[in-house]
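Chain letters run A, B, ... following the sequence lines, proteins first and then strands; every chain starts at 1. Below, each value reflects all heavy atoms present in this structure, side chains not excepted, and no hydrogens, waters or symmetry copies.
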Amino acid sequence: MNNNSFVVLDFETTGLSPFDGDRAIEIGAVLLCDGRVVNRFQSLMNPGVRISSFIQDYTGISNAMLKKAPPISDVMQQFAHFMADQHLIAHNASFDRKFLDAELERIHVSRKQEFACSMLISRRIYPDAPNHRLETLVNYRSLQTNGVFHRALADAEMTAHLWTDMTNSIKSTYNFKEIPFKLMQRISKVPKASISDYLTRAAASMAKSPACHGS
DNA sequence: TGCCAGGCCCTCTTTAGGGCCTT
């Protein structure tokens with residue numbers, strides 16, 4: 001596993017909970033290596049049920065589009081190969097994690113790698129943002145966008161840009177040479193009021209023994 | 001548009017309630 005490569009993913013779904021019968025209808029993902037997007041994965045998926053008008057309006061994905069799409073199981077098999085053993089990142093990762101695990105379980109594949117959440121980190125790194133929705137953060141940080149929101153690949157790509165922007169901000173503010181994935185995971189759990197002290201101490205610790213902090 | 005769920009996080013908290021974020 002490359003310490004500086006991650007798969008950033010996003011699902012569009014029929015609703016908010018796979019435990020309530022909701023299914024994935026689109027997956028988008030990018031492979032982020034050393035801050036650059038080097039590969040992409042995107043597919044609609046046919047959930048076998050009609051989606052609501054709310055979801056059609058929210059995503060721009062229609063029942064006609066999904067009728068022609070491949071089965072979810074076929075797409076998830078392909079995605080399992082794409083994500084391989086890379087660390088995973090998503091915006092509000094608890095949402096995408098539960099859909100990923102639910103759809104993987106249906107094809108008898110178990111996820112082994114860990115998730116990090118760009119939303120939890122952004123609340124700590126950009127506390128002055130108007131809010132921490134992906135679209136707001138993209139505008140707040142003037143990140144690259146094609147203006148498309150609520151489509152899986154576009155949102156995954158913007159989440160990747162946000163991730164790179166946050167790591168660069170942390171590096172420049174606290175004088176880190178590198179930001180290991182596990183440190184980003186820890187940041188998402190540090191109390192907001194303590195984040196500055198935590199990163200100051202972490203940077204000092206890494207400067208002394210950079211090899212001791214893992215990936 | 002808001003509801004549905006669930007995790008996170010804040011506060012007028014912890015024997016709780018409500019907002020944020022995802023679709």
Side-chain angles (χ1 to χ4, degrees), chain A residues 6-30 42-66 69 72 75-76 79 83 88-106 111 114-141 143 145 148-163 165-166 184-199:
Chain A
F6 320 98
V7 165
V8 187
L9 66 97
D10 183 72
F11 279 105
E12 305 305 319
T13 70
T14 63
L16 291 173
S17 175
F19 310 116
D20 200 28
D22 289 318
R23 300 295 304 273
I25 59 173
E26 186 183 39
I27 184 168
V30 300
Q42 182 276 333
S43 182
L44 292 171
M45 297 179 270
N46 187 343
V49 296
R50 292 184 63 80
I51 61 173
S52 68
S53 58
F54 171 78
I55 295 297
Q56 290 187 71
D57 292 342
Y58 187 79
T59 63
I61 298 170
S62 68
N63 281 298
M65 292 163 68
L66 294 177
I72 300 174
V75 176
M76 292 309 300
F79 181 70
M83 71 174 184
L88 301 174
I89 296 166
H91 198 68
N92 195 11
S94 65
F95 176 86
D96 294 281
R97 183 178 55 219
K98 66 186 180 183
F99 273 97
L100 176 64
D101 289 348
E103 296 298 356
L104 288 178
E105 185 176 355
R106 287 173 178 266
R111 173 179 59 85
E114 297 182 49
F115 258 97
C117 178
S118 57
M119 184 191 74
L120 294 179
I121 296 169
S122 73
R123 284 176 174 167
R124 290 157 173 80
I125 303 304
Y126 301 136
D128 295 331
N131 59 57
H132 296 85
R133 296 174 194 163
L134 181 59
E135 182 173 355
T136 301
L137 291 165
V138 165
N139 292 324
Y140 178 70
R141 296 296 299 168
L143 302 179
T145 173
V148 174
F149 293 93
H150 308 305
R151 285 300 299 265
L153 183 58
D155 284 3
E157 196 130 9
M158 286 186 290
T159 301
H161 293 322
L162 173 63
W163 183 267
D165 183 67
M166 291 193 298
M184 291 294 271
Q185 278 187 313
R186 289 190 201 110
I187 289 171
S188 70
K189 295 171 184 165
V190 173
K192 288 174 70 175
S194 308
I195 195 66
S196 181
D197 287 346
Y198 176 81
L199 286 170

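Rounded to an integer number of Å, the gap from NZ of A/K189 to C1' of B/dC10 is 19 Å. When rounded to the nearest whole Å, the span between NZ of A/K192 and C1' of B/dT11 equals 13 Å. One can place CG of A/L162 at 11 Å from P of B/dT22, the figure rounded to the nearest angstrom. In this entry the distance linking CD1 of A/I55 with C1' of B/dG2 reads 12 Å, nearest Å. Taking atom CZ of A/F99 as the reference point, atom C1' of B/dT22 lies 9 Å away to the nearest angstrom. One atom, CD of A/E135, and another, P of B/dC20, lie 16 Å apart when rounded to the nearest Å. Put simply, CZ on A/F149 is 15 Å from P on B/dC21, counting in whole angstrom units. Taking atom CZ of residue A/F19 and atom P of nucleotide B/dC4, one finds them 18 Å apart after rounding to whole Å.
No engagement by A/D22 is indicated, since no non-hydrogen atom pair under 4.0 Å with the nucleic acid exists. Counting non-hydrogen atoms under 4.0 angstrom, A/L120 reaches the backbone sugars and phosphates but no base. Using a 4.0 Å heavy-atom criterion, one finds that A/L134 contacts the sugar-phosphate atoms exclusively. Here A/D57 lies out of heavy-atom contact (under 4.0 Å) with every strand. Within 4.0 Å of A/F11, counting heavy atoms only, lie sugar-phosphate atoms of the nucleic acid but no base atom. Using a 4.0 Å heavy-atom criterion, one finds that A/K98 contacts the bases of the nucleic acid, with or without backbone contacts as well. Within 4.0 Å of A/D96, counting heavy atoms only, lies no atom of the nucleic acid at all. Within the nucleic acid shown, A/T59 comes within 4.0 Å of sugar-phosphate atoms alone, with no base atom in reach, counting heavy atoms only.
Side-chain contact between A/D155 and A/H91 is absent, with no heavy-atom pair separated by less than 4.5 Å. Between A/I72 and A/R23 there is a side-chain heavy-atom pair separated by less than 4.5 Å.
No more than 12 heavy atoms of other residues, nucleotides or ligands lie within 6.0 Å of CZ in A/R133, so this atom counts as exposed by the packing criterion.
Nucleotides B/dC8 and B/dT14 place their C1' atoms 16 Å apart, quoted to the nearest Å. For the C1' atom pair drawn from B/dG17 and B/dC12, the interatomic distance equals 11 Å after rounding to whole Å. Taking the C1' atom of each, B/dG2 and B/dC20 are spaced 15 Å apart, rounded to whole Å. One C1' atom belongs to B/dT13, the other to B/dG19, and the distance between them is 15 Å to the nearest Å. A distance of about 15 Å separates the C1' atoms of B/dC4 and B/dC21, rounded to the whole Å. Of the P atoms belonging to B/dG18 and B/dC3, the separation is 13 Å, rounded to the nearest Å.
Ring orientation note: the planes of A/F99 and A/F11 are tilted relative to one another, at an angle of 30° to 60°.
Minimum atom distance to the side chain of A/F54 is reached by B/dT1, of the listed B/dT22, B/dT1, B/dC8.
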Item to complete: Begin from the C-alpha positions of A/T13 and A/D22 and carry the test side chain to side chain donor-acceptor pair (under 3.5 Å) through to its verdict.
Response: CA-CA 7 Å; A/T13 70; A/D22 289 318; over 6 Å; no
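Taking side-chain N and O atoms only, A/H91 has no distance below 4.0 Å to OP1 or OP2 of B/dC21.
With hydrogens and angles disregarded, no donor-acceptor distance shorter than 3.5 Å links the side chain of A/R123 to the backbone of A/M119.
For the pair A/R97 and A/R133, nearest-nucleotide mapping onto DNA chain B gives the more 5' position to A/R97. Of the two residues contacting DNA chain B, namely A/H132 and A/S17, the nearest-nucleotide position lying further toward the 5' end is that of A/S17.
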